[in-house]
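Before any comments, here is the structure.
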Amino acid sequence: MPEEQVDKQVVHASHLNLFYGNNQALFNINLSFEKNHVTALIGPSGCGKSTFLRCLNRMNDLIEGVKIEGNIKIHNEDIYHPQTDIVQLRKNVGMVFQRPNPFPMTIYDNIAYGPRIHGLKDHKKLDEIVESSLQKAALWNEVKDRLHTPAKGLSGGQQQRLVIGRVLAVEPEIILMDEPTSALDPISTASVEELLQELKKSYTVIIVTHNMQQAARSSDFTAFFLNGEVVEYGKTSRLFTTPKEKRTEDYITGRFG
Amino acid sequence: MTGRHTFHEKLDNLHSDLLKMGSLVEQAIHLSVKSLVEHDSVLAEQVIENDDEIDALNLKIEKDCFGLIALQQPMASDLRRIGTVLKIVTDLERMADNAVTISKATLRLKGQAYVKQLIDIPRMATLTEAMVRDALDCYIHSDTEKAYQIAKNDDAVDKLYKEIHNELVEIMQKDSSTVFQATQFLFVAHSLERIGDHATNLAEWVIYFVTGKLEELND
């Protein structure tokens, strides 16, 4: 839990260790995430921040030789329990990646994809979901007149917001973002950062970023990872002005990393 | 989506806090002089009490400025705006302290008939209050022309201060029983003179905000 808890927490990782074969990548991670806030995970390359993020919807299951100890609970349910429905988990905990990855289909079909594979066929209902998801992703006004054109025709920033809209269409509760703006120009980055401020009103957002300034601008809480450990976790406003740990100070002031 | 809406909203809040503080300071100056002229110790107490609110706003604004610098990477006019606010809150806070000094003089003179009629001190107060009002106006409107005018107006305040000073020294030399009161009036005149200087500082920072140039307008 961050040093300054403000609200309800929905995700709890405790005593989490992760090994790639014989190499330990995460060491005894204890982190709880605040509902309806943006939490940033920062740290130098290889510090374990993305590895940790991928634990939260079991994306690491796809990697051979990964062993995980400890537990992650969402609403007190251990997501690593053998009976966990992984499809349901990934619906509830959506993910946005570094590069926008729209499917090679129309804007409309990208958004409708999730609801369709979950069995929805009603056209009217799908229309509604497409509109509301694009609204929430702050993309509706830019694309409403070309919903049936290929998504690949959108700009990078628009594509990334489309992907966010695609995540929202299946009504997740938690959204994970892995460096969502690192392939975007500054204007598109600003639009995604602004979107975060809207999204947190309805969702819990956890974002990995190698851009410290982005963490400072857009998050409410920040966790600083180093060598697979959490060095410091607290309110962003505090951590970036008066960090408690010297290693945090050294990293955010550019003295190493 | 357009630009950095969240950040600019925070900047707007900073701006409104500063204006709120400005109007409280204007009021404090006005009421402190009024309390002296009208022998109103209740009013003087009130000015002293209200200073806590001004101090609290000062701290909040300073904290918000540092927060914005640390978290939002302000650039160009945004950075100059925050730098300007960070500097002028200090001047505003000092002006409020000067108003407290004046109010304390009112309290020390409680129940005493004044050795002279107060004519020049209210005149000086009118001039400095106008300078403060103009300084806040030129901040709001980024009006550099007005900023230069404020610096000129400060000369009239300085001139009056010298006259008051000389007159009070003369009164004290003639009659040593006036020393206690006359020194209080000197404190008051000195406080008003300082308020004028702080208003000029505000004007200098407005010029910096608009042009990016730092200039010394007070000699």
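Note that the structure is a prediction, hence the values are computed from the model and not measured. So that the names make sense, note that chain A is the first sequence line, chain B the second, and so on, each numbered from 1.
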[atom1] of [X]: more than 12 outside heavy atoms within 6.0 angstrom?
X: A/Lys91; atom1: NZ; result: yes
X: A/Asn227; atom1: CG; result: no
X: B/Lys146; atom1: NZ; result: yes
X: A/Glu128; atom1: CD; result: yes
X: A/Arg99; atom1: CZ; result: no

Minimum-distance pair of heavy atoms, taken over all atoms of B/Ala70 and A/Ala216
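That would be O-CB, 4.1 Å.
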
Looking only at heavy atoms, which two atoms of B/Leu71 and A/Thr236 are closest? And how far apart?
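For B/Leu71 and A/Thr236, the tightest heavy-atom pair comes out as CD2-O, 3.9 Å.
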
Segment of B/Gln72 engaging chain A (4.5 angstrom heavy-atom cut-off)
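Contact with chain A: backbone and side chain both.
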
What is the distance from atom OG1 of A/Thr241 to atom NZ of B/Lys63, rounded to the nearest 0.5 Å?
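Reported to 0.5 Å precision, the distance equals 8.5 Å.
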
What is the distance from atom CG of A/Leu195 to atom NE2 of B/His5, rounded to the nearest 0.5 Å?
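Result: 13.0 Å between the selected atoms.
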
Option from A/Glu193, A/Gln197, A/Glu194 for which side-chain hydrogen bond (donor to acceptor under 3.5 Å, both in side chains) with B/Thr6 holds
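The passing option is A/Glu194.
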
